[in-house]
Participant: 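Below you'll find the structure I mean.
Bear in mind that the values here come from a model prediction, so they are computed numbers and not experimental data. In the text below, chain A, chain B and the rest are named by the order of the sequence lines, each starting its count at 1.
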Amino acid sequence: MFSLKITEEQRIAREMSRKFCAKEITPKADALEKGEEKIFPVIRKFLLEVQGTGLIETVEDLEEWVQGREFITRNLVSIEVSKALPGFALSMGASLELCSFSILATGSREQQEKYVLPLVHGEKVGCWGLTEPEAGSDIRAMKSTYKKTPDGYILNGQKTFITNAPIADIFVVYAQGEKGYSAFILERGMTGLDTSPPFEKMGMQSSPTGAIYMDQIKVPKENLLGQEGQGLFDAFRVLTNERTVTPSLMIGIMERALQEATKYAKERVQFGKPIIRFQAVQFLLARIWEKLLASYSMLFTLGQMTELGLDTTLLASAAKLFTSEAATQSALDAIQVMGGHGYMREAGVERLARDAKLMEIGAGASQIQLMILGRKLLESDSVEPNPLFFGPSLFAKKE
Amino acid sequence: MKVLVCMKQTPDTEASIKIAADGKGIEEQNIKWIMSPYDEYAVEEAIRIKEKQTGETVVVTVGTDRVVESMRTALAMGIDRGVHCVDPAFLGSDALATAKILASVIKTENPDVVLCGRQAIDLDQAQAPAYLAEILGWPQVYSVAKLELKGNAAVCNRRIEGGEEIVETSLPCVMTCDKGLNEPRYASLPGIMKAKKKEIKKWALAQTGLAETDVGTAGAKVKTLGYLPLPDRPPGKVFKEMETADMVKQVVKLLREEAKVI
């Protein structure tokens with residue numbers, strides 16, 4: 001069963017993703033980064049024309065689609081997208097891998113039909129709100145509250161650093177109430193729901209990030225997502241998914257960094273020869289490739305474990321930690337190879353470093369991933385270090 | 001309406017082509033192969049015709065096993081099935097020999113319309129469609145930028161110098177597709193998975209009804225003697241350490257006398 005042999009279908013899928021990026025994203029990348037062009041129409045085109053989500057008409061189709069998505073193909077496609085523009089991959093991920101995923105994981109059939117279908121078609125934009133001004137890594141400190149009323153809930157509070165918040169139509173947010181932490185689905189237009197304009201930030205500029213304001217929002221009963229009180233457990237599951245999809249985003253950045261720097265090193269002549277002939281430069285490039293290959297290995301292992309139904313939480317943490325740090329370092333090394341040219345915005349490599357840095361922070365900062373691994377060592381009498389011997393997934397298939 | 005597309009696999013437009021050591025071909029390893037871009041218009045048009053008025057679409061390719069991936073891409077875009085003409089005897093076919101092989105498939109398939117790309121982007125010969133029409137005794141319309149099927153006829157807009165020409169032809173016919181005819185779709189992921197199950201029939205010399213001397217190197221009327229790389233560009237001249245006005249004089253002089261461009 002275990003084979004990483006690339007199939008014809010996977011090859012074609014990668015090619016199509018590449019083709020889409022070359023035609024639809026790369027020529028607009030600068031305009032998208034500067035906000036002169038909007039990201040979501042392009043994402044929508046990608047979903048409909050490359051992912052073929054237009055064929056998903058019912059919840060049954062949706063289930064079939066989710067089951068049929070094969071790990072390697074999915075990742076090959078995402079890597080190409082990230083290579084072209086990481087911010088594109090980020091915004092699409094927030095809508096599908098966070099917002100949609102959370103509703104697919106614990107939502108009712110009605111919720112899936114109402115919210116997930118338009119999200120996968122790219123008709124609606126989704127975002128997922130967990131972080132608050134005073135609750136980042138310490139998520140239990142969240143101040144957003146919900147109160148039960150006869151016909152639903154009243155939500156109050158604020159979320160921040162939320163990808164897609166300024167443009168979102170559908171919001172999944174977490175709040176604290178009598179029974180603990182719970183998740184709710186909000187829709188733009190609900191009285192009391194507002195968002196900030198996009199924040200100015202270091203990187204990922206094509207992907208709008210902002211705050212969600214909740215002021216006495218009346219949320220109907222049917223918009224409770226999952227079981228009341230189970231919110232944080234459910235959020236943890238979404239975070240594990242996010243950490244599982246992060247490596248492809250980071251691999252895209254590393255591949256691009258390696259390609260750009262290698263091309264430059266072959267063209268740039270100093271001391272009478274292309275600088276790639278100097279070991280000092282070769283070593284910088286080789287270090288990027290080393291990290292890239294290690295990232296691929298982690299990704300493949302994650303894929304195999306996911307398909308085997310093994311618990312991926314620890315490896316997902318480690319992979320998210322490793323690949324995000326590796327991507328930032330690789331992008332910085334690529335700039336170093338390219339010298340002054342690499343430092344210039346025009347070369348497009350400094351953007352990779354700014355983009356990569358986000359993933360050392362989002363989806364749980366690197367230090368949180370280290371704590372997850374560290375605590376496991378602390379709390380278990382004897383730890384199984386080999387991922388292939390890990391137990392079954394905590395999130396076994398929904399009945 | 002049954003539409004048959006003749007497709008060729010070519011090196012990627014961005015591939016850097018190196019001539020093989022024997023000078024008789026190109027180095028085929030490490031090259032990315034794609035469906036010739038003009039053939040993509042043909043594939044897209046065939047799919048659109050079927051979407052509009054039902055029927056069947058078939059893609060036909062002559063080539064080694066390597067070409068199956070491009071055929072599969074056409075199937076993933078939406079073509080119904082494929083015929084892969086593959087036989088050691090086909091190797092070295094020129095455009096005429098290739099057209100004979102394609103015609104043998106077309107005679108069996110009996111389509112209403114045969115669509116080809118305007119030319120393959122590797123050898124730029126644009127010969128096979130014309131040969132094909134001749135062998136079949138069908139009309140041929142070259143370089144179609146707009147196509148409308150009306151019953152048993154087709155009205156085509158052709159790109160010509162400075163404008164367009166509108167022609168009408170009876171069916172069946174051979175048409176070659178030009179840029180602007182349509183915007184080829186991407187093969188979607190579900191399309192790619194569906195294509196896996198679509199049939200690609202093999203078509204060898206025995207099925208063509210042709211003799212071994214009709215095809216391949218033996219049947220080629222035009223023999224390729226060799227390939228030459230483009231000559232290296234001479235290094236540029238740099239003028240420095242003189243007044244700008246003098247530099248300009250020098251450059252203009254050389255442009256006039258040496259390069260003879262002004």
Participant: Answer yes or no: are there more than 12 heavy-atom neighbours, outside A:Arg14 itself, under 6.0 Å from its atom CZ?
Facilitator: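 Incorrect, the count does not exceed 12.
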Participant: Any side-chain heavy atom of B:Tyr186 within less than 4.5 Å of one from A:Glu15?
Facilitator: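 When only atoms from C-beta onward are counted, A:Glu15 and B:Tyr186 do not touch, as no gap falls below 4.5 Å.
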Participant: CD1/A:Ile12 to CG/B:Leu189 distance, rounded to the nearest 0.5 angstrom?
Facilitator: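 These two atoms lie 11.0 Å from each other.
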Participant: For atom CZ of A:Arg277, is the number of surrounding heavy atoms from other residues, nucleotides or ligands below 6.0 Å larger than 12?
Facilitator: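 Check fails, neighbour count at 12 or below.
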Participant: Just how far is it from atom CE of B:Met77 to atom CE of A:Met16, taken to the nearest 0.5 Å?
Facilitator: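 Here the interatomic distance stands at 6.5 Å.
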Participant: What distance separates B:Glu69 CD from A:Glu8 CD, expressed to the nearest 0.5 Å?
Facilitator: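 That separation rounds to 5.5 Å.
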Participant: First locate atom CE of B:Met193, then atom CD of A:Glu9, and finally report the distance between them rounded to the nearest 0.5 Å.
Facilitator: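 So the CE of B:Met193 and the CD of A:Glu9 are separated by 5.5 Å.
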Participant: Should we count CD of A:Glu60 as having more than 12 external heavy atoms under 6.0 Å?
Facilitator: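 Count over threshold, so yes.
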Participant: How many angstroms lie between atom NZ of A:Lys19 and atom OG1 of B:Thr73, to the nearest 0.5 angstrom?
Facilitator: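 These two atoms lie 8.0 Å from each other.
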Participant: Please classify the contact between A:Thr7 and chain B as side chain, backbone, both or neither, with a heavy-atom cut-off of under 4.5 Å.
Facilitator: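 For A:Thr7, there is no contact with chain B at all, as no heavy atom is under 4.5 Å.
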Participant: Within a 6.0 Å radius of atom NZ on B:Lys198, are there more than 12 heavy atoms belonging to other residues, nucleotides or ligands?
Facilitator: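 Enclosed: over 12 neighbouring heavy atoms sit under 6.0 Å from NZ of B:Lys198.
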Participant: B:Arg72 versus chain A, heavy atoms under 4.5 Å apart: side chain, backbone, both or neither?
Facilitator: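 Both backbone and side chain of B:Arg72 come within 4.5 Å of chain A.
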Participant: I'd like to know whether CD of B:Gln53 has more than 12 heavy-atom contacts from other residues, nucleotides or ligands below 6.0 angstrom.
Facilitator: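 Yes - once you tally the heavy atoms of other residues, nucleotides and ligands closer than 6.0 Å, there are more than 12.
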Participant: Highest number of heavy-atom pairs under 4.5 Å with chain A: which of B:Ser70, B:Ala195, B:Ala187?
Facilitator: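 Most heavy-atom pairs under 4.5 Å with chain A: B:Ala187.
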Participant: Taking atom NZ of B:Lys8 as the centre, does the number of heavy atoms from other residues, nucleotides or ligands within less than 6.0 Å exceed 12?
Facilitator: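 Counting neighbours around NZ of B:Lys8, more than 12 heavy atoms of other residues, nucleotides or ligands fall under 6.0 Å, so yes.
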Participant: Distance check, rounded to the nearest 0.5 Å: A:Leu55 atom CG versus B:Ser188 atom OG?
Facilitator: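 OG of B:Ser188 is found 6.0 Å from CG of A:Leu55.
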Participant: Within a radius of less than 6.0 Å around CD of A:Glu290, do more than 12 heavy atoms belonging to other residues, nucleotides or ligands occur?
Facilitator: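 Yes, enclosed.
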